[in-house]
Every structure is written in C-alpha cells, then in structure tokens.
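Please read the structure below before turning to the comments.
Order of appearance sets the numbers: ligands from 1, and atoms from 1 within every ligand. What you see is a predicted model; the values in this text were computed from it and never measured.
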Amino acid sequence: MDLNDTLFERARRSIPGGVNSPVRAFRAVGGTPRFVQRAQGAYFWDANGKRHIDYIGSWGPMILGHGHPGVVEAVQKAVLDGFSFGAPTEREVELAEEILSLVPSMDMVRLVSSGTEAAMSAIRLARGATGRSKLIKFEGCYHGHADALLVKAGSGLATFGNPTSAGVPPEVVQHTLVLEYNNVAQLEEAFALHGADIACLMIEPIAGNMNFVRASVPFMKRCRELCTQHGALLVFDEVMTGFRVALGGAQSVYAKAIAGFRPDLTVMGKVIGGGMPLAAFGGPRAVMEQLAPLGPVYQAGTLSGNPVATACGLATLREIRKPGFFDALSARTRSLADGLSAAAKFEGVAFSADCQGGMFGFFLLDALPQNYPAVMKSDGAKFNTLFHGLLDRGIYIAPALYEAGFVSAAHSDADIAETISMAREVFTLLAK
Ligand SMILES: *Cc1c(COP(=O)(O)O)cnc(C)c1O
C-alpha cells in the first residue's frame, strides 16, 4: 500500500482537491502528490519514508536547505518569547533594516504575510500615489491571486483584460492591461495609447512562473524609460527572485547591465521568510509614506511582521549575506544546468536550460523561449515522462513545465551528480 495514495484519498474528503494550493495536486502531470513527512538539508522523505532530492524547496524559500541549524535555533528562541502580539517588536525593525541594507532601491518597507498580499498592496499603493487606475502586467507572469491580477489579455490593446478565474467580475479587471513579455513594440503602443492613465507596470524581471524566462535588457530598459516618461511606477515582483538570484535580487542583475537602473517599488516574499509566512513591499520614502497610518492608502495585517516569521527570515538573510554564499550557490546551480544540458545533448534530447543564482529553469526545447506562447510550445507529454522518471528515481522537481527550480546551499556536488545521472537515464527513455 502506498501511503501517499492513502493520505491523498483521505485529504480529498476534507480539502478541495486534497491540497491547499492547486499546483501541489499534480493535476498537470498525473499521479499522486508526495506527502512530506520531514525534510533535512537537500532532502525530504515522503509518507512511504522514501528520500527525494528536493529542487522545489517550498517553491523557493528554503535557500539554506531544510532545517538549517542557525535558523532552527532562531525560531526556537523566538517561539519561547511568544507567537504574536499585534504590537511592534524590535525584530521587525531589524528585519526591515536588513532588507533595506541589501536592496538600495528601497528606503522603506512594509512587512506582510504572503506574496499575494504584498503584490496586491503594492498595486493599491501605486494607484493611490499616482491617482491613476490602470496597470500593466505581462502574460505568463504571476503576482499572486488578487482579483485584479487574475486576468488574461483582451482582444487588443484598446481593450483591457478578461478574468482567468470564476468569481472575478469583469469590472474588476477592466483596468488591467495584459501584454506579451519581451515585446517592446507592444509595450510602446500600450503607453502611447494609455500612458497618462497607467499607475504601474508590474513585472517578474526573471519570470519564474513561466519556468525561467528573462526580460531582455533592451525590453527592461524600455520598461524603465516608458514608466519614467509617463509617470507610472515600475513595480518589480521579486517574490521569487529576491534574495534568490543574487543578494540584491534581480534588480541588482539588471543594474549591472543598465546604468543607474532601479525599480520604483519592489515586492518580496519566499526567501525573506525562510519558509515562514512573510513577505514585503517597499520603495522610495515619498511613496511609502502614502501608506496608513501616515497617508491615505489603507493597508493592514493582524499577523504582519509576526515575531516567529521575522526571526526565521532574519536568520536566513544573515546566512545568505555571508561572503561567498552566492558565488558558491551560483556555481552549484550552474553545474546542474550545464550537466543536465550535456546529458540531454548526449542522448539526443532537445533541451535548453538557464539559471541565475540559486534559481534555474529548463525546457524540452532547442532554444530558450522568450515569452509565454513560446513556453507553451513545450511538449507536455514529454515533460510528464521526465517528471515521473525523475520522481521514481528520487528527484523532485516542480510538477508542471511552467515552474522554475531551486538549488539550496545544502545541495552537495554528490546530489547534483546523482541528479544528472538519473536525468540521463530518463533522457534515454525520452529519446526513443
Ligand atoms: C509565489 C509568487 C507570488 C505569490 O506569493 P504567495 O506567497 O504564494 O502569495 C507572487 N509573485 C511571484 C513572482 C511569485 O513567485
């Protein structure tokens, strides 16, 4: 009897689809989700006690691996002092200072509990600060499940988006314009048509919700120029990339390519909580001071800046800011991406991979895609064979072809080598 099956059957009776977040349900790839019993370092053990090398890491937060002793100690200490007070604590200030010291585009930051909440609040702030309603997002980018963001492109640039979820009234997304990622001409046209009404442009600078697609440097440069020219705020959704692709996030990567580059607002989550519910948004003082209680833009949270979550986040950030941390993590991630590419090439499988810091993506395509329609050309059936082939061999990657992967500091050279050798076995099946 497979204990994952037993648990999943039981879960489905009390929880819709048996899961508390849809992609966990394996609907895209088929099969039964693995119920995690415990995790340590680069591994987790499922309900059958089978070990997996974990390349999801809670979808990004576990950059130090599971159960890092320093983080565990910080959390244990914090728990003994109390779980939640609904009153300020010194640790929130310390975490805010830590974040601001690492991300120079932010003068002030507000802590919240999820990426969804951070993105939703950043949009309200952008709208409040500019006195405008419209926003631009890109097809294939995910910014959480706030109503205004569950939207797909309308029939043309003059029309706004259509809801992608039941329960979102069309009026709620009528201010959201959905554009193609990396398409400069369309971006220019959108600003020419609507520039004076656009409050913000929100973007995943490296889009991890379509696996791994970088905004090209010319495209990002144009995003910045057009926002500045039209008085719209450039909002970087770094929930996934923040403290993950580099210590300073994806914005530090673009700042190397574009002189003086910085976004206006930044949204963060995942790594900043180290696995606890914690997220944040921040930017220039003049904009952030528009927030309640100083300004007219309302935003609040009972558990915001939670003392246990902030202890976990702070301990995590203090580890990753140690000298050499990102060099080592980047090298390991690169060795995985290169090793997988070489193995696929050897077995004659179409494959392309990219990575930055501790985040990677790969496609069963000859060349890296530049936008969502190109990502969707991936062969779903082949991906499923790859996914299940790896899973059977104890390698856990995201159960959907449009999700990024994550390497942690706990992944050893041996873990990477084992992953590549298992992948090579699976590639032989794909090549047939
Ligand atoms: C995960 C994610 C979110 C949503 O964060 P939650 O904590 O799941 O609400 C938003 N934006 C991006 C880029 C993400 O990867």
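At a distance under 4.0 Å, no protein heavy atom can be found next to atom 8 (O) of ligand 1.
In terms of polar-atom proximity, defined here as any N/O pair under 3.5 Å, Thr116 does make such a contact with ligand 1.
Within 6.0 Å of CD in Gln229 there are more than 12 heavy atoms belonging to other residues, nucleotides or ligands. The local environment of OH in Tyr372 is sparse, with at most 12 non-hydrogen atoms from other residues, nucleotides or ligands closer than 6.0 Å.
Residues Asp46 and Lys50 are not paired through a salt bridge, judged by the lack of any N-O separation under 4.0 Å between the basic side chain and the carboxylate. Between Glu188 and Arg222 there is a salt bridge, with a side-chain nitrogen of the basic residue lying less than 4.0 Å from a carboxylate oxygen of the acidic one. A salt bridge between Lys221 and Glu225 is present, with a side-chain N of the basic residue lying under 4.0 Å from a carboxylate O of the acidic one.
Assignment of His145 to the shell around ligand 1 is not supported, since no heavy atom sits closer than 4.0 Å.
Atoms of ligand 1 found under 4.0 Å from any heavy atom of Glu204, numbered from 1 in the order shown, are 13 (C). Close approach of ligand 1 to Gly115 (heavy-atom distance below 4.0 Å) involves ligand atoms 4 (C), 5 (O), 6 (P), 7 (O), 9 (O). Counting the atoms of ligand 1 from 1 in the order shown, those under 4.0 Å from a heavy atom of Ser114 are 7 (O), 9 (O). Close approach of ligand 1 to Asn209 is summarised as follows: ligand atoms under 4.0 Å from at least one heavy atom of the residue are 12 (C), 13 (C), 14 (C), 15 (O). Set against the non-hydrogen atoms of Asp237, the atoms of ligand 1 under 4.0 Å away are 10 (C), 11 (N), 12 (C), 13 (C). For ligand 1, the atoms closer than 4.0 angstrom to any heavy atom of Met240 are 15 (O).
With hydrogens left out, the protein atom closest to atom 15 (O) of ligand 1 is Lys270 NZ, 2.7 Å, a heavy atom. Of the protein's non-hydrogen atoms, the one nearest atom 3 (C) of ligand 1 is Val239 CG1, 3.7 Å.
With a 6.0 Å cutoff to the six-membered ring centre and a 45° limit on the axis angle, Arg12 counts as a cation-pi contact of Phe8. A cation-pi arrangement, defined by a distance under 6.0 Å to the six-membered ring centre and an angle within 45 degrees of its axis, is absent between Arg51 and Trp45.
Checked against a 6.0 Å centroid threshold, the rings of Phe351 and Phe362 count as neighbours.
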